[in-house]
J.: 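One structure, pasted below without further comment.
All of these numbers come straight from a predicted model, not from anything done at the bench. Ligands are counted one by one from 1 in listed order, and the atoms in each one are counted from 1 as well. By convention here, the first residue in the shown sequence is residue 1.
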Amino acid sequence: MLPIILSSLLSLPLLTTAIPHPNPQSPNCIPLTLSISLTAPSYPLLLPAIKNGYDATSLLLAFTGRDASSDPSALLGPPTNITVPLSISALYCTPTTHYNPQKAPKLQLLTHGLGFDKTYWNFGAPKTTYNYIAAATAAGYATFSYDRIGTGLSSVEDPYNVVQTPVELALLTHFTEQLKAGTLSHLIPKPSKLVHVGHSFGSILSNALIATRPELSDGVVLTGFSHNTTFEILFQISTGFHLASENQPARFGKRSSGYLTWGDKYANQYSFLKYPNFEPAVLEDAEANKFPFTVGEFITFGKVPYAAPEFKKPILMIDGDSDLIFCGADCTGILDGPYSVSPQLFANAEPLAFYLQPDTGHGMNLHGNATGWFAVVNDFLDKHV
Ligand SMILES: *[C@@H]1O[C@H](CO)[C@@H](O)[C@H](O)[C@H]1NC(C)=O
Ligand SMILES: *[C@@H]1O[C@H](CO)[C@@H](O)[C@H](O)[C@H]1NC(C)=O
Ligand SMILES: *[C@@H]1O[C@H](CO)[C@@H](O)[C@H](O)[C@H]1NC(C)=O
């Protein structure tokens, strides 16, 4: 018995290594709070607001059971244009090396996925190996990351009729237009090139951007994403549609019942992480600092287009080989291969490249060797943009 107890005691310090959060500010980054009056199409939800946890569970069953409609648009009324005042928190970072202040840098516009805020992109401290922004700025790029509506330090809006996919696409389009023109903030110079990098739901939005406004992007990197929606149901079921207000009352107690999350760190691991290629402290941190998703986002995924035949610039689709949500935990043949429709949807991308990162789940940044795939992305952009 004793050696077993001893060795488990000895391994304790490893388990409790703290991942600093929120991120200590990097000197090359400027936090911004942006006030925007956004006009966008919204699809009125025809279902009543969720009353309580029982009601949320019942809704999950309605979405996933035998009699679930495969077409959620039955739950939506015809779109109307809404105008909402938003406060969006963003972070602009300048290159740390390969930087010529006389020459405008290329800019990566980073959009995070469900369950996170913008700190997904600089997870942990500036020097951790999970920090995408540190890798991109060291490779000579500027970055612009932002908290999507209802996450991080951005304003919390109606989770039924405002926090919807088309509204978030309108926000990304707005930022892209303004950044490209150099008019978003006097602190952000007009970039020489602008590329979009998304994670998961952020990839859905980046994909929809080049499908609707192909002229606005010089290149796209879609991470934690495929065009196969067969396995999203596993994610939905694993969340159990917990009310965020009940799950983390200290952080989300005042949120509407339309803000949902999963139950605990093991549900988080199931959807986001490939065991054992992550530090337990990273999972603890991701769970403690997670952000909820909304009913409106879920129901409107299909209300933005994916086919981007007019887009003729570079696209890299890169995913963990074990992504649960977009591949059912095995991406072989799904990202690129017999089960992939991506080559048809991106018929004129030049080039269109695919990459599977080994031993990695959906939350790609949070795994061991994340710097390995960060380098794949920056090499691709160096070569093609
Ligand atoms: C919403 O606004 C857009 C852009 O002005 C317009 O093209 C569209 O017809 C409007 N939609 C509705 C339902 O009013
Ligand atoms: C998703 O991948 C599975 C393979 O597991 C395949 O059977 C299915 O047709 C694919 N779906 C789509 C929409 O590509
Ligand atoms: C880390 O990732 C890179 C990029 O995918 C890969 O080339 C390398 O083999 C990986 N290293 C390990 C130890 O898995």
Side-chain angles (χ1 to χ4, degrees), residues 37-44 70-73 76-84 128-132 135-136 139 161-162 164-167 169-171 173-174 177 203-204 207-208 212-213 221-235 273-279 300-307 316-347 353-383:
S37 174
L38 188 74
T39 298
S42 156
Y43 292 78
S70 58
D71 179 13
S73 62
L76 300 168
T80 55
N81 284 329
I82 57 167
T83 298
V84 272
T128 64
T129 56
Y130 310 107
N131 191 324
Y132 181 93
N161 294 322
V162 175
Q164 291 192 353
T165 311
V167 179
L169 173 59
L171 181 63
T173 305
H174 167 86
E177 287 172 331
S203 292
I204 290 179
N207 183 163
T212 50
R213 298 287 305 277
V221 178
L222 304 175
T223 78
F225 175 69
S226 80
H227 288 110
N228 192 313
T229 53
T230 304
F231 308 100
E232 277 171 18
I233 194 170
L234 297 175
F235 171 66
L273 296 172
K274 167 72 171 172
Y275 184 76
N277 191 22
F278 65 87
E279 290 180 76
T300 55
F301 284 164
K303 289 293 176 194
V304 295
Y306 295 85
L316 170 64
M317 293 184 71
I318 180 166
D319 202 355
D321 62 351
S322 307
D323 185 329
L324 174 89
I325 302 174
F326 287 94
C327 305
D330 177 5
C331 283
T332 311
I334 291 191
L335 190 69
D336 174 27
Y339 299 119
S340 174
V341 293
S342 309
Q344 287 104 283
L345 296 176
F346 298 151
F354 298 92
Y355 193 89
L356 286 184
Q357 176 66 4
D359 290 326
T360 296
H362 179 69
M364 295 175 69
N365 291 14
L366 310 192
H367 288 80
N369 197 26
T371 49
W373 74 261
F374 296 165
V376 172
V377 170
N378 290 313
D379 289 350
F380 177 85
L381 294 176
D382 290 350
K383 200 158 158 206

J.: If I apply the N/O under 3.5 Å rule, does N81 come out as touching ligand 1?
T.: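 Yes; the residue has a nitrogen or oxygen that sits under 3.5 Å from a nitrogen or oxygen of the ligand.
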
J.: Write down, by chain and number, every protein residue that brings a non-hydrogen atom to less than 4.0 Å from an atom of ligand 3.
T.: Y355, Q357, N369, G372, V376

J.: Taking 4.0 angstrom as the limit and counting only heavy atoms of F231, give me the atoms of ligand 2 inside it, by number and element.
T.: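 In order of numbering, the contacting atoms are 5 (O).
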
J.: Looking at T230, which atoms of ligand 2 are within less than 4.0 Å of one of its heavy atoms?
T.: 1 (C), 10 (C), 11 (N)

J.: Out of all atoms in ligand 1, which are within 4.0 Å of some heavy atom of P79? Include the element for each.
T.: 13 (C)

J.: Listed by chain and number, what are the salt bridge (charged side-chain N to carboxylate O under 4.0 Å, His left out) partners of E177, not counting sequence neighbours?
T.: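 Counting only residues at least two positions away or on another chain, E177 forms a salt bridge (charged side-chain N to carboxylate O under 4.0 Å, His left out) with R213.
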
J.: Out of curiosity, is I334 lining ligand 2, as in a heavy atom under 4.0 Å away?
T.: yes

J.: By the definition side-chain contact (heavy atoms from CB on, under 4.5 Å), identify the one residue from I325, I334, D323, V341 that meets it with N228.
T.: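 Only one option passes, and that is I334.
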
J.: Using side-chain heavy atoms (C-beta onward) and a distance below 4.5 Å, is L171 in contact with T173?
T.: no

J.: Could you label the plane-to-plane angle of the Y306 and F225 rings as parallel, tilted or perpendicular, counting under 30° as parallel and over 60° as perpendicular?
T.: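 Parallel, since the angle between the ring planes stays under 30°.
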
J.: N/O to N/O below 3.5 Å, does that happen between T229 and ligand 2?
T.: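 No; every N/O pair is 3.5 Å or more apart.
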
J.: If I take atom CG from residue N365 and atom CG from residue N131, how far apart are they, to the nearest 0.5 angstrom?
T.: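 Reported value, rounded in 0.5 Å steps: 8.5 Å.
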
J.: So, Y275 versus H367, ring centres under 6.0 angstrom or not?
T.: no

J.: Contact between M317 and F346 at the side-chain level, heavy atoms closer than 4.5 Å - yes or no?
T.: yes

J.: With only distance considered, is N228 within less than 3.5 Å of ligand 2 through an N or O on each side?
T.: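 Among all N and O atoms of N228, at least one is under 3.5 Å from an N or O of ligand 2.
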
J.: Is there a side chain to side chain contact (heavy atoms under 4.5 Å, CB included) between S342 and F354? Walk through the geometry before answering.
T.: CA-CA 10 Å; S342 309; F354 298 92; 4.0 Å; yes

